[in-house]
Visitor: 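Pasting in a structure now, in structure tokens, and then I'll have a few things to ask.
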There are 2 protein chains.
Amino acid sequence: MGMMLFHPISLLHWGCLISQAEVLSFIERCMTAVGTKAHHAKSLAQVLVEGDRRGHYSHGLNRMDMYVKDIESGICSKEGEPVVEKETAATALVDGRNLLGPVVGNYCMDLALKKAKDAGIGWVVAHGSNHYGIAGYYAMQALKENMIGMSFTNTSPLVVPTRGKECTLGTNPISVAAPANDGDSFVLDMATSAVALGKVELHDRRGDPIPVGWGCDAEGNLTPDPKKVLQGGGLVPIGGSEATGGYKGYGLGMMVEVFCGILSGAQYSKHVRTWKVTDRAANLGQCFVAINPESFASGFTDRMSDLLSIQRSLDPAIPGSPVLAAGDPERAHLEEIKELGGIPYHLNVVNFMNECGKRVGVSQLLPCDKLISN
Amino acid sequence: MGMMLFHPISLLHWGCLISQAEVLSFIERCMTAVGTKAHHAKSLAQVLVEGDRRGHYSHGLNRMDMYVKDIESGICSKEGEPVVEKETAATALVDGRNLLGPVVGNYCMDLALKKAKDAGIGWVVAHGSNHYGIAGYYAMQALKENMIGMSFTNTSPLVVPTRGKECTLGTNPISVAAPANDGDSFVLDMATSAVALGKVELHDRRGDPIPVGWGCDAEGNLTPDPKKVLQGGGLVPIGGSEATGGYKGYGLGMMVEVFCGILSGAQYSKHVRTWKVTDRAANLGQCFVAINPESFASGFTDRMSDLLSIQRSLDPAIPGSPVLAAGDPERAHLEEIKELGGIPYHLNVVNFMNECGKRVGVSQLLPCDKLISN
């Protein structure tokens with residue numbers, strides 16, 4: 001059967017349907033095979049699968065081999081648990097002890113939620129962390145408690161500040177989740193760069209030009225050539241050029257760095273190790289926030305539902321292209337997956353991951369009996 | 001003498017130099033003449049003068065007549081003080097009681113700072129507020145206490161969500177200030193629209209086209225024609241079109257609305273009164289945050305100084321156009337004003353405000369003896 005690419009975040013043409021439980025189990029099999037503790041492997045598997053389920057395939061199974069290698073090489077730690085170094089009723093500083101990003105992230109977000117129950121807010125920052133998957137995963141944990149959640153992380157330098165020509169900031173994402181009525185929600189999960197690196201890489205592989213405003217060449221000039229962005233250039237902040245407000249995106253990237261690397265005492269800015277070069281521990285900084293609406297005006301979720309409804313019910317500029325709220329494209333992807341009865345993956349990804357599984361000695365990914373083609 | 005426009009936020013060609021003390025006093029004279037309490041008038045005067053001093057003339061003396069009219073008409077209240085409705089060790093919900101925005105803003109920011117001293121963070125939201133001038137003013141109060149400050153406000157609807165053609169969000173600014181060593185700092189103060197309305201108005205008055213990516217026409221299409229933006233169209237979120245990431249700016253505008261109107265129970269989104277139509281109380285929502293770096297990793301200001309230095313010392317893409325950090329353009333404007341020995345204003349603004357002063361029966365703005373021409 002043919003599949004429509006109904007959403008811009010769905011970058012892959014898929015060919016193989018795999019049940020969510022099987023992807024979870026496969027990632028756990030691979031991670032425990034290299035010595036990861038069972039509950040750490042489970043934390044990672046859950047974040048990666050949620051990335052895929054939400055259509056953010058660049059932050060899902062596709063990246064599992066990176067985590068496997070980090071544990072195998074010992075550059076990422078598998079022993080111990082994160083620890084609180086300092087705390088108040090509403091804040092905490094956590095040492096992630098170089099454990100897997102999702103282990104640190106879950107620990108910190110749980111702590112933020114606990115603090116927000118009594119203090120109205122919990123603001124927790126961690127140093128000694130690693131790649132934690134989609135930022136939205138942690139923010140969304142707050143929805144289960146009817147709270148607002150936020151999550152931020154710094155990353156390896158990939159973004160060139162306005163007026164510069166060198167990458168000194170990460171894609172530094174911002175995620176904010178807020179609950180509305182009947183399970184509805186607002187879920188913002190965005191890099192502070194104009195686009196993710198994966199989008200530029202995809203255009204490059206296809207031989208397509210990129211829109212001007214995504215990235216710059218080694219001289220700091222905006223370019224439509226993805227190769228120039230990937231070779232010596234960099235991503236640009238949201239807003240693109242200085243004239244169209246790129247300095248705002250640059251400022252937001254800096255704000256995330258203040259919350260993450262600077263507040264926590266982790267690596268920051270150009271001190272973070274180069275992307276894909278794992279010569280030393282990442283020591284990323286991350287920030288997790290929970291805000292309890294019960295400490296503020298009553299009726300929060302009613303107003304949230306109205307706020308979402310105001311936008312969604314707008315007359316669209318292009319008929320058939322409805323006005324969405326943050327999180328709606330991901331919700332559509334989740335529904336698609338429910339209908340399909342599994343998560344669709346590109347065969348190349350499945351084959352690549354099975355090679356990885358074979359190498360560490362675990363059983364292969366078991367596809368659903370439904371096969372889909374593109 | 002001639003003056004160079006050294007900075008893009010300096011939109012006015014000025015002609016009249018007035019001392020800071022005299023502008024402060026004039027605003028206080030006008031506001032108390034219409035019945036504002038002395039300390040409320042002073043709060044307003046300080047915020048407006050700081051707007052001018054930082055080069056954000058659209059949020060300074062230029063807007064004084066609006067506040068005078070709001071007090072005269074009774075649409076904004078002059079009696080009483082803001083009150084705390086609900087609080088925890090780290091949070092508060094404040095009723096601004098329809099007082100002047102800066103009165104509410106100062107009250108809330110002071111409270112946030114007090115809470116952050118013990119609890120590590122203070123997160124205070126207000127309903128029943130009014131226009132509060134530059135968002136950065138409140139965030140920067142935290143710098144005096146060596147803390148991180150944040151401030152957000154919703155505004156009248158002026159921004160069209162991605163894919164829409166109707167204004168349902170305000171310019172919803174984000175301000176974040178963080179202290180570095182020796183009085184240096186990071187001060188982000190930005191609307192979540194691509195540009196401020198004032199920039200579009202200025203291009204319109206000059207008969208100049210605007211860059212594509214600032215605003216859209218009544219059909220939701222990006223346009224270079226400022227008239228179409230001002231008449232039935234609207235500003236667009238940071239990022240511009242959907243292809244260049246405008247949905248991220250839209251998401252950030254919504255985030256600010258969640259922190260302001262939704263959390264506080266104020267008006268929100270399209271329910272906020274139309275810009276410049278003062279048929280009813282504004283009932284704006286605002287949010288003020290203080291974060292105490294002492295509750296996190298030690299050495300915060302050292303790392304901040306390094307973070308700023310990394311960016312500022314970058315080799316610029318265009319020689320002579322240095323890479324800046326948020327707050328640097330404003331700092332340059334402050335230094336220019338110090339050298340001049342007063343704040344430079346366009347004669348039209350001074351004449352207009354003097355008409356306003358005459359009407360309410362106070363003495364005129366007294367220019368410095370230096371006269372400058374453009």
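Chain A is the first sequence line, chain B the second, and so forth, proteins listed ahead of strands; every chain is numbered from 1. What you see is a predicted model, and the numbers here were worked out from it, not measured in a lab.
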Visitor: With only heavy atoms counted, which part of A:W214 is less than 4.5 Å from chain B, the side chain, the backbone, both or neither?
Guide: side chain

Visitor: Taking A:G220, A:G251, A:A326, A:G245 one by one, which has the highest count of heavy-atom pairs under 4.5 Å against chain B?
Guide: A:G251

Visitor: When heavy-atom pairs shorter than 4.5 Å are enumerated against chain B, which of A:P316, A:A325, A:G213 gives the highest number?
Guide: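 Answer, by heavy-atom pair count under 4.5 Å with chain B: A:P316.
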
Visitor: Name the option with the most non-hydrogen atom pairs under 4.5 Å to chain A; the candidates are B:L169, B:I148, B:I174, B:V125.
Guide: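 Highest number of heavy-atom pairs under 4.5 Å: B:V125.
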
Visitor: At a 4.5 Å cut-off on heavy atoms, which part of A:L263 comes close to chain B: side chain, backbone, both, or neither?
Guide: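 Both the backbone and the side chain of A:L263 come within 4.5 Å of chain B.
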
Visitor: Taking side chain as C-beta onward, heavy atoms only, is A:D315 less than 4.5 Å from B:K165?
Guide: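 They are in side-chain contact.
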
Visitor: Given that the side chain runs from C-beta out, which part of A:V212 has a heavy atom under 4.5 Å from chain B: side chain, backbone, both or neither?
Guide: backbone

Visitor: Find the distance between OG (B:S298) and CG (A:L93) and round it off to the nearest 0.5 Å.
Guide: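 These two atoms lie 9.0 Å from each other.
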
Visitor: Against chain B, label A:A90 side chain, backbone, both or neither, depending on which of its atoms sit under 4.5 Å from a heavy atom there.
Guide: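 When you check distances to chain B, atoms from both the backbone and side chain of A:A90 fall under 4.5 Å.
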
Visitor: Please round to the nearest 0.5 Å and tell me the distance separating atom CG of B:D328 and atom OH of A:Y247.
Guide: 14.0 Å

Visitor: So for A:P161, is it side chain, backbone, both, or neither that comes closer than 4.5 Å to the heavy atoms of chain B?
Guide: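 Side chain only.
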
Visitor: Which heavy atom of A:A317 sits nearest to which heavy atom of B:G164, and what is that distance?
Guide: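 Taking A:A317 first and B:G164 second, the nearest heavy atoms are CB-O, 3.8 Å.
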
Visitor: So how far is it from B:I121 CD1 to A:I121 CD1, rounded to the nearest 0.5 Å?
Guide: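 Taking CD1 in B:I121 and CD1 in A:I121, the distance rounds to 3.5 Å.
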
Visitor: Distance-only, no hydrogens or angles: does the A:K270 side chain make a donor-acceptor pair with backbone N or O of B:I310 under 3.5 Å?
Guide: no

Visitor: Are B:T91 and A:I291 packed together at the side-chain level, in the sense that at least one heavy-atom pair is separated by less than 4.5 angstrom?
Guide: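 No, their side chains stay 4.5 Å or more apart.
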
Visitor: Where on A:H271 is there a heavy atom nearer than 4.5 Å to chain B: the side chain, the backbone, both, or neither?
Guide: side chain

Visitor: In sequence, state the C-alpha distance, the side-chain angles, and the governing distance for B:T168 and A:L314, and then conclude on side chain to side chain contact (heavy atoms under 4.5 Å, CB included).
Guide: CA-CA 9 Å; B:T168 58; A:L314 282 173; 3.7 Å; yes

Visitor: Is a donor from one side chain sitting under 3.5 angstrom from an acceptor on the other, for B:S321 and A:E242?
Guide: no

Visitor: Using non-hydrogen atoms only, which part of A:N221 is less than 4.5 Å away from chain B: side chain, backbone, both, or neither?
Guide: neither

Visitor: Could you tell me which portion of A:P322 (side chain, backbone, both or neither) has an atom closer than 4.5 angstrom to a non-hydrogen atom of chain B?
Guide: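 Both parts, backbone and side chain.
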
Visitor: Taking atom CD of A:E85 as the centre, report whether more than 12 heavy atoms of other residues, nucleotides or ligands fall under 6.0 Å from it.
Guide: yes

Visitor: Measure A:A191 against the heavy atoms of chain B and call it side chain, backbone, both or neither at under 4.5 Å.
Guide: both

Visitor: At a 4.5 Å cut-off on heavy atoms, which part of A:I262 comes close to chain B: side chain, backbone, both, or neither?
Guide: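 For A:I262, backbone and side chain are both near chain B.
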
Visitor: Among A:G327, A:S269, A:P211, who wins on heavy-atom pairs under 4.5 Å with chain B?
Guide: A:S269

Visitor: Evaluate the side-chain proximity of B:L307 to A:V258: yes if any heavy-atom separation is below 4.5 Å, no if none is.
Guide: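 In short, these two side chains touch, coming nearer than 4.5 Å.
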
Visitor: Nearest 0.5 Å, what's the OG-CZ distance between A:S264 and B:R303?
Guide: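 One finds 7.0 Å between OG of A:S264 and CZ of B:R303.
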
Visitor: Would you say the side chain of A:Y268 lies within less than 4.5 Å of the side chain of B:D306, judging by non-hydrogen atoms?
Guide: yes

Visitor: Mind checking the CZ-NZ spacing from A:F296 to B:K86? Nearest 0.5 Å is all I need.
Guide: 9.0 Å

Visitor: Any chance you could measure B:Q311, atom CD, to A:T162, atom OG1, to the nearest 0.5 Å?
Guide: 10.0 Å

Visitor: Given side chains that start at C-beta, do those of B:M190 and A:L252 come closer than 4.5 Å, heavy atoms only?
Guide: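 The answer is yes; the side chains approach within 4.5 Å.
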
Visitor: If you count heavy-atom pairs under 4.5 Å between each of B:A119, B:G120, B:G239 and chain A, which one has the most?
Guide: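 Option with the top pair count is B:A119.
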
Visitor: Quick one: are B:M254 and A:L308 in side-chain contact, heavy atoms under 4.5 Å?
Guide: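 A side-chain contact under 4.5 Å exists here.
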
